[in-house]
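Data first, discussion second: the structure below is written as C-alpha cells.
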Amino acid sequence: MALELRPLHPLFVAEAAGVDLGRPLAPETVRAIDAAMDRFGVLVFRDQPLDQDQQIAFARCFGTLDIGLRRATKGGHRFKYDELIDISNVAVDGDIAARDSRRVASMVANQLWHSDSSFQCPAAKYSMLSAVALPSWGGETEYADLRAAYDALPARLKAELEELEAEHYALHSRMMLGTTDWSEEEKNVLPPVRWPILRTHPGSKRKLLFVGIHAREIIGWTLPEGRMMLADLLEHATQRQFVHRHEWRVGDLVMWDNRATLHRGRRYDLGERRELRRTTTMAVETAEATA
Ligand code: OGA
Ligand code: MN
C-alpha cells in the first residue's frame, strides 16, 4: 500500500497511513516517508504498536542511531537495545521513578522547547517516539515549525542573524531547572557545540531558525545580550500559529525532523505512569557540511 498523508496543521505535520511500520519497509516506502518528512517535518502514525525489535528495525531504515544523553549519564536501562531511549517516568526496576530522581528531572527538562541532541555533532535527524502507556491527563507533545518561524522573521533581524552561531550545551536545560549534582566528568563528556542560528534544511532547501533550550549563548556576544536574543527568538519560534499539539494514544508513533522543528512535552501527573520509547537517527550530513 502507498503512504497516505493528511495534513493536520496549516504549516506542517501530517497524519500518515497505509503502511505497517512493524514489517520490513520496501525502499520506495522509505523514500516516500523521507519525502513526506522533508515536506511536513512531523508525521503521526496511529495504531502502530511496535515492540522493541520492530522499533529498532524501523528506525534503522533511516540511518545510524543515536543514543543521546545516555553517553553523559551513567546507569542501566530497561531495554534490549542501547539505542532505545526511555522517555518515561519509570525506574530501571519497573516502578514509577522517585520525584527527586534524575530520570524525572530529565523528563521535566523535556518540557522545555528543544531539538534532540542539538548539543552534539552530529546532532539528531529524525526522532521516532512510540507510546506504550499514558497518564490520565496531560503529557501531550507539542511541535513548532522552525521553517515557518524563519519566514516570519523581520528582514532586519534575518540580516542581523545571518552569520551568527549559537553554542549548545547538553546540561544547560538541566542546570536551568536547578539540578546541580553533576560530576566534572559528566559535565565534560559532552562539550558544547556550535550551530549557525540560521540554517538551510537539506531536504527542502528552506531556511530555518535553529533555536531551543540547549542554545546557551551567541558566539561573540555578551552573555546577557546573547541569552536575551535566544530567549526572544525561542518565543518567536513557538508562537501559537507555528505550533501543533499531539494528543497521544497508546500505539501512536510520531516521527519528527529535529533539523526543522522543536518539540516539548506538556505537564502530567508524575505519579502516573507515562512510557514512550524513542529511536533517533543522526544528522550526519549537517555534521559534514559544518566540518
Ligand atoms: C523526546 C521528548 C517529549 C515528550 O522524546 O525527545 O522530548 O512529550 N519527548 O515526552
Ligand atoms: Mn526531545
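Remember, it's 1-based here, ligands and their atoms both numbered in the order they're listed. No experiment lies behind these values; they were computed from the predicted model shown.
- Note: Ile56 CD1 to Leu65 CG = 5.5 Å, rounded to the nearest 0.5 Å.
- The number of heavy atoms from other shown groups lying within 6.0 Å of CZ (Arg46) is above 12.
- For the residue pair Trp137 and Arg267, the shortest heavy atom distance occurs at CZ3-O, 3.7 Å.
- Note that the CG atom of Leu171 and the CG atom of Leu177 stand 11.5 Å from one another [nearest 0.5 Å].
- Ligand 1 lies within reach of Leu129, whose nearest heavy atom is under 4.0 Å from it.
- The closest approach between Tyr143 and ligand 1 stays at or above 4.0 Å for every heavy atom of the residue.
- Here the OH atom belonging to Tyr126 is positioned 6.0 Å from the CZ atom belonging to Arg259, to the nearest 0.5 angstrom.
- Proximity of His114 to ligand 1 is established by a heavy-atom distance of less than 4.0 Å.
- Within the 4.0 Å heavy-atom criterion, the part of Trp256 lying near ligand 1 is the side chain and not the backbone.
- Of all protein heavy atoms, the one closest to atom 8 (O) of ligand 1 is Thr141 OG1, 2.6 Å.
- Counting only residues at least two apart or in different chains, ring-ring contact (aromatic ring centres under 6.0 Å, His included) contacts with residues 21-58 comprise Phe58-Phe62.
- For the residue pair Thr280 and Asp116, no side-chain donor N or O sits within less than 3.5 Å of a side-chain acceptor on the partner.
- Less than 2.8 Å away from the Mn ion (ligand 2), the protein contributes these N/O/S atoms: His114 NE2, Asp116 OD1, His263 NE2.
- For ligand 1, the atoms closer than 4.0 angstrom to any heavy atom of Ile87 are 1 (C), 5 (O), 10 (O).
- The heavy-atom pair separating Ser118 from Trp195 by the smallest distance is O-NE1, 2.7 Å.
- Close approach of ligand 1 to Asp116 (heavy-atom distance below 4.0 Å) involves ligand atoms 6 (O).
- Look at Arg274 and you'll find a heavy atom under 4.0 Å from some atom of ligand 1.
- Relative ring orientation between His77 and Phe79 is described as tilted, the plane-to-plane angle lying within the 30° to 60° band.
- Checked for salt-bridge contact, Arg240 and Glu142 meet the test: a charged N lies under 4.0 Å from a carboxylate O.
- Set against the non-hydrogen atoms of Arg278, the atoms of ligand 1 under 4.0 Å away are 1 (C), 5 (O), 6 (O).
- A donor and an acceptor atom, one from each side chain of Asn258 and Ser127, are located under 3.5 Å apart.
- The ligand atoms of ligand 1 that sit less than 4.0 angstrom from a heavy atom of His263 are 1 (C), 2 (C), 6 (O), 7 (O).
- Below 4.0 Å from some heavy atom of Gly265 lie the following atoms of ligand 1, by number and element: 3 (C), 4 (C), 8 (O).
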